[in-house]
Amino acid sequence: MPTVSLTVNGNPVHADIDPRTLLVQLLRENLRLTGTRVGCDTSQCGSCVVHMDGKAVKSCTVLTLQAEGTAITTIEGLALGETLHPMQQAFRDNHGLQCGFCTSGMIMTAVDMVRRKGHALDDHTIRRELEGNLCRCTGYHNIVKSIAAGARAMESADPLRRAAE
Amino acid sequence: MYNFIYHRAAGLRQAQHMLGEFDDAKLIAGGQSLLPMMKLRLAAPANLVDLGKIAGLSDIEPDVRSISIGAMATHFEVHNSAVVQEALPALAELAGMIGEPAVRHRGTLGGSIAHNDPTADYPAACLALGATIITTERRIPADAFFTGLFETALMPDEIITAVSFPLAEKAAYQKFRNPASRYAMVGVFVAKHASDVRVAITGAGASGVFRVPAFEEALQGRFSPEALEGLTVSADGLTGDLHASAPYRAHLIGVLARRAVAAANERNDRSDEL
Amino acid sequence: MSATGVGASVRRMEDFRFITGRGRYTDDIARPGQACAAFVRSPHAHATIDRIETGAAAAMPGVCAVLTGADLAADKLGPLICGWMIHSKDGSPMKMAAHPALALGRVYHAGDPVAVVIADSYAQAHEAAEKVEVTYGELPAVVDPAEAQSTNAPQLHEVAPRNTIFEWHLGDAQATDAALKSAKHVTRLELRNNRLAPNAIEPRAAVAEFDAGNDAFTLWYTTQNPHLARLVLSAFIGIAPEHKLRVIAPDVGGAFGSKIFIYPEEVVCLWAARKTGRPVKWVAERSEAFLSDAHGRDHVTRAEMGLDANGKIVGLRVKTIANLGAYMSTFSSSVPTYLYGTLLSGQYDIPAIYCEVDAVYTNTAPVDAYRGAGRPEATYVVERLMEVSAREMGLDPAELRRRNFIKTFPHQTPVIMAYDCGDYPASLERALELAGYNSLNERKQEAARRGRLRGLGLSTYIEACGIAPSQAVGSLGAGVGLWESAEVRVNPTGTVEVLTGSHSHGQGHETTFAQLVSERLGIPIESIAIVHGDTDKVQFGMGTYGSRSAAVGMSAIAKALDKVEAKAKKVAAHMLEAAEADIVFEDGRFTVAGTDKSAAFGEVALNAYIAHKFSGAHLEPGLKEGSFYDPTNFTFPAGCHVCEVEVDPETGETDIVGWTAVDDFGVIINPMIVEGQVHGGIVQGIGQALMEHVVYDAQGQLVTGSLTDYALPRAEDLPPLIVDTTVTPCPSNPLGIKGCGEAGAIAAPAAVMNAITDAIGTEDLAMPATPQAVWAALARTGRREAA
């Protein structure tokens, strides 16, 4: 079996894997990081979004072997110790989740969105940027609110957090 | 997904060698088209050659009258390239309309055109801009490159290295998304060059991307939406499916072509003002 | 109102685990030695199974079993059942065909499971499943409910001639005929309520484990009602007696009705776990979900409404054919009957109603309850009729509604329901004000100048929730009672666990239920745990659906809290050496009236357990009370939704540019959560109206088999939603709650379609109003811009 080496949430990972292993399978099955989820088989729902070298990717559409040498961040790696990421806090404060299944992907997408689009996100931009994330519970209304609030909060987040970004 | 043997190519020559040596070998770049098909067991290559670690294939380089974009440049990189935004803003916009952010971080220019999905966006840009596809073997004009549904002029062990896009005086892309897949149900790229106008349509053709000579002629006379009034595309040869019949697609081509021309003119008016 | 009590928008207690990725859904469960299941599904809509050859599959690497319908029959497991008996007009019972968990001899829809492969990994199971050779004898298929009863249509089940399951009716045919004859104006509509796929983002999944030492099973699975599942799996299918079967619903990622039902896959996982001696896990792929989840809606309806010269409704006649698919799913028969015909009076005083519903089998996936279940279909009929009648009679659609609103309560409709309270004009007027109804024409003109067609649609809906009084539903055919249970366990240190038979899969029960307890006991919300979703913890319960959990589930908790308070007062009386009648409980303290003698709730709890201050002869130690609450009536949430659209006449594309919802849910525990429920419901309703549609071709192949062909609403498709409420407290339960989970999905489709038809000037438009459909409708009117 081929081997792979990468970093997940700051921890080095070395594994012998079936070449078919998708990144999401490595995370969920090998590493038991089950916060990254699978909701479809056509790369559309976005429940599996993680960051690869700081950019959002759909981990259901990346072979683990393609991720050789990369640094992966999952939802489990977003909080700094016990301190929630401002985007996580914003989702709670604005009721941006109901069943929670799409939430990891939404939060990872939202953090990536802020990195690319800045801290002043209008409603239209957020909705456009969510094209690859499906939610069936919230009607998106409060997700959009959460992301706008989270984006603002990330700007004024503590220096430790901003250094980590 | 069916099993396969994975090969990581260190360079282009090795990749070409692998393509020649291994049975039923397929290249993988970003994998945003290939992996979904493999997951649904619609594609089952025996050998997969990964181009991801080959350096120097994603450079974006301006020239006097064209831009060269490396085959491994992601949609994200093309969309955000200051060079492309400045010289070919319509192409930067198109790249920003492909898929969604996470897909744009992985999907590549070379992967998209080699796959030649009939609903992909880049083929329309290549055709309308009169791009040249540069491979390990030769330079192929876009007009000769896209040969049918998921078919291209590429030979079995030939690899795209870059695409050279001539600059246009005016250009714009309009896309009408399939409500479910969000791929182009109809996409229209119009480009006004010094000597001609080219109009390319994606998403609608039963045999892939195509040009509309009648529109091109009319726009050559006068590059304005009004020049297209009364002109239609025949529904023959267009795709019909659940979301759009062939006559509806034919109608949308007319609407989007007019809007694309208007957008191209508006962009130039704006930049004139600046 | 306290910061965490009833009426406060308390941030959700359950969120922490979800925002940190620590939720635990069925697919997150991995049991030691677990094997994986892959189903072999019929590629044909209708066929005989002539031969199944499993040898090649069984020899594949990693395979531990290949099982078929014959194996299942040999082990004498019972078929899946529908638990609600409906009788036809002629008194005959519904024609329920056998539904084995793995097909036996014949398949009835594309995706019907034929065999299962159990292997070490999913990849191995799927590869082996492709090696199971099934020889089919293809038969012609029928998919359109309007064609199913034709004598030329292929017949599915022998028990149901003309594919007809029942021919049900409700109301007074003669009175309605007479009323329609006397009417000054009759509006007639032919409507299709499009077939939908629920698409909870978490696909269905099951993990089954057999403990041979104790001869007992554990099933973790995606269910809204673990006890009901255990009852059916035990009593009807015969997996194991109830005390030997534990069903656990861990975190469930959305359900919308689709996870009420007992499906073949969990039966097979349980059975296979015993046969292989290994835990067996199955997780649906999305494309598998499209083939096998119960779908929703799929009605064909002809409706006529008669009005007098003043626009007062005199009668309503409705004839519907409801597609129930290939088999009768768990509650399928109740949806197009008692959850549909009984709501046809809407918010209106209609003297005569007659409704006929034929339910039919077709070669499609089973159809059952999906968010709203019957009530969206009823609302669509009534609210489309209202809008079209107003247009035909030249009346303002709001005014026509005002003239017909029920204004006095209780109100007995001609279709069973007795509405207990409401204020329909209040929600209408508030919604019109918020939506800027009076300035609509200016907005229409402004849009026209931009080449856009603007339109507005109303939907003044009603629903029956708080499901349901057991005696009443029993008399209508339900196989179960629909009460709810609760148990309040006070610990010696004053923390509290509340066990509920309701189940939360996004609704936030861990917060709202705790708010009630916090307010009633005067303890911090952090000291309360809501326990649900495990048959070993909660004794029994009916689960969550039909917007019932607050109205019924919380009423049960309230009753149990009454008992806790009564018992605690006895303990306090002993502690404080006072008469029980003198003890007052307020803000978490027991006080002797008129004195400063008091004890905190926690002190009383401790004393209840140490039992030093009273004798066993007078009082039992401990502080734990349970209750079963059976409602005395349905509840009737109602309201007004206003949708405003702009249509691009060149492309047929519809933009929803405004949405205003004013709902009356009675008393609200947590406004933030209620708003979220409304948002979600509205968007599912918008999805139905604009884009969602399960399509089978004439051969019964599923055309919309993945998310690349079945459109779900995305953030970009939607406007911000304005949500407000009016309140008439529900008199039928102790908390005054009506329920809110389904309102949006019930109200929205009619509002959208009323708006689009207003914009484009024709009623000739069916759901979903895709760009192509709107473009074609405009073409038929000749109003469309030239190409």
Side-chain angles (χ1 to χ4, degrees), chain A residues 18 20 25 28-29 32-47 74-79 84-85 87-89 91-105 107 123-124 126-145, chain C residues 9 11-12 14-25 27-28 30 121 123 198-203 251-256 283 285-289 504-508 672-673 675-684 686 706-708 712-718 720-721 723 744:
Chain A
D18 181 322
R20 287 174 285 188
Q25 291 170 316
R28 289 182 55 80
E29 291 163 25
R32 298 296 297 151
L33 293 170
T34 55
T36 303
R37 308 189 184 285
V38 178
C40 78
D41 47 11
T42 49
S43 311
Q44 283 172 301
C45 77
S47 302
T74 71
I75 188 72
E76 290 92 345
L78 207 56
L84 290 176
H85 188 283
M87 193 59 78
Q88 292 174 311
Q89 188 63 47
F91 268 69
R92 177 161 195 246
D93 289 346
N94 293 280
H95 191 28
L97 62 148
Q98 289 181 24
C99 81
F101 197 83
C102 74
T103 306
S104 306
I107 290 174
D123 189 274
H124 177 74
I126 296 169
R127 287 178 185 273
R128 278 225 56 135
E129 288 282 321
L130 285 178
E131 173 146 11
N133 293 75
L134 295 171
C135 169
R136 194 62 159 161
C137 292
T138 63
Y140 304 100
H141 186 97
N142 287 343
I143 290 178
V144 174
K145 257 173 73 179
Chain C
S9 285
R11 300 291 172 266
R12 297 203 319 172
E14 47 270 83
D15 282 354
F16 182 77
R17 65 177 185 270
F18 296 127
I19 58 181
T20 55
R22 294 181 181 119
R24 192 160 183 258
Y25 302 85
D27 188 22
D28 301 339
S121 74
N199 273 305
I201 303 296
E202 180 202 25
D251 284 327
V252 173
F256 316 112
V283 180
E285 296 183 350
R286 179 61 52 187
S287 43
E288 201 174 13
S504 186
H505 30 278
Q507 295 89 341
M672 175 191 81
I673 286 175
E675 280 180 24
Q677 289 292 310
V678 176
H679 294 153
I682 290 169
V683 169
Q684 281 179 333
I686 290 174
S706 83
L707 287 171
T708 59
L712 287 184
R714 286 173 165 81
E716 201 189 347
D717 301 323
L718 304 158
L721 308 166
V723 172

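Model, not experiment: these values are computed from the prediction. Throughout, a chain's letter reflects where its sequence line sits, starting with A, and its residues are numbered from 1.
With hydrogens and angles ignored, the 3.5 Å screen pairs no side-chain donor or acceptor of C/Arg286 with any backbone N or O of A/Cys45. When atom types are taken as modelled, the side chain of A/Arg136 and the backbone of C/Gly253 share no donor-acceptor pair closer than 3.5 angstrom. Distance alone, capped at 3.5 Å, is enough to place a donor-acceptor pair between the C/Tyr25 side chain and the A/Gly100 backbone.
Taking NE2 of A/His95 as the start and CG of C/Asp15 as the end, the distance is 7.5 Å to the nearest 0.5 Å. Atom CZ of residue A/Phe101 and atom CD1 of residue C/Ile201 lie 8.5 Å apart, to the nearest 0.5 angstrom. Between the CG atom of C/Asp28 and the CZ atom of A/Arg32 there is a distance of 7.0 Å, given to the nearest 0.5 Å. Once rounded to the nearest 0.5 Å, the distance linking CG of A/Asp123 with CD of C/Glu716 reads 11.0 Å. Of the inter-residue distances, the one linking C/Phe16 atom CZ with A/Leu84 atom CG reads 5.5 Å to the nearest 0.5 angstrom. With rounding to the nearest 0.5 angstrom, the CD atom of C/Gln507 is 8.0 Å from the SG atom of A/Cys137.
Heavy atoms closer than 4.5 Å to chain A are found in both the backbone and the side chain of C/Ser287. If you measure heavy-atom distances from C/Asn199 to chain A, the contacts under 4.5 Å come from both the backbone and the side chain. Both the backbone and the side chain of C/Leu721 come within contact range of chain A, with heavy atoms under 4.5 Å apart. Heavy atoms of A/Thr138 lying under 4.5 Å from chain C belong exclusively to its backbone. The parts of C/Ile673 that come within reach of chain A are both its backbone and its side chain, each placing non-hydrogen atoms under 4.5 angstrom from that chain. Both the backbone and the side chain of A/Asp41 come within less than 4.5 Å of a heavy atom in chain C.
Taking the side chain as every heavy atom from C-beta outward, A/Gln44 and C/Arg714 approach each other to under 4.5 Å.
Here C/Gly506 is the residue among C/Gly681, C/Gly508, C/Gly506, C/Pro720 with the most heavy-atom pairs under 4.5 Å with chain A. For the set C/Thr20, C/Val683, C/Val678, the count of heavy-atom pairs under 4.5 angstrom toward chain A peaks at C/Thr20. In terms of heavy-atom pairs under 4.5 Å with chain A, the best-connected choice from C/Glu14, C/Arg17, C/Gln684, C/His505 is C/Gln684. No other option in A/Asn142, A/Ile126, A/Asp93, A/Val38 has as many heavy-atom pairs under 4.5 Å with chain C as A/Asp93. Per-residue heavy-atom pair counts under 4.5 Å with chain C were compared for A/Leu134, A/Asn133, A/Thr103, and the maximum is reached by A/Leu134. Of all the listed residues (A/Lys145, A/Arg37, A/Met87, A/Glu131), the one sharing the greatest number of non-hydrogen pairs under 4.5 Å with chain C is A/Arg37. With chain C as partner, the option from A/Arg92, A/Glu76, A/Arg20, A/Glu129 having the largest number of non-hydrogen pairs under 4.5 angstrom is A/Arg92. Highest contact tally toward chain A, considering only C/Gly744, C/Gly23, C/Ala200, is held by C/Gly23 [criterion: heavy-atom pairs under 4.5 Å]. Contact tally against chain A (heavy-atom pairs below 4.5 Å) for C/Val723, C/Leu712, C/Leu707: the top residue is C/Leu707.
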> Can C/Arg12 and A/Leu97 be said to form a side-chain contact (heavy atoms from CB on, under 4.5 Å), step by step?
Replying inline: CA-CA 10 Å; C/Arg12 297 203 319 172; A/Leu97 62 148; 3.9 Å; yes
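Electrostatic pairing of C/Asp717 and A/Arg127 does not count as a salt bridge here, judged by no charged N lying under 4.0 Å from a carboxylate O.
Taking each heavy atom of C/Gly21 and A/Ser104 in turn, the nearest pair found is CA-OG, 4.1 Å.
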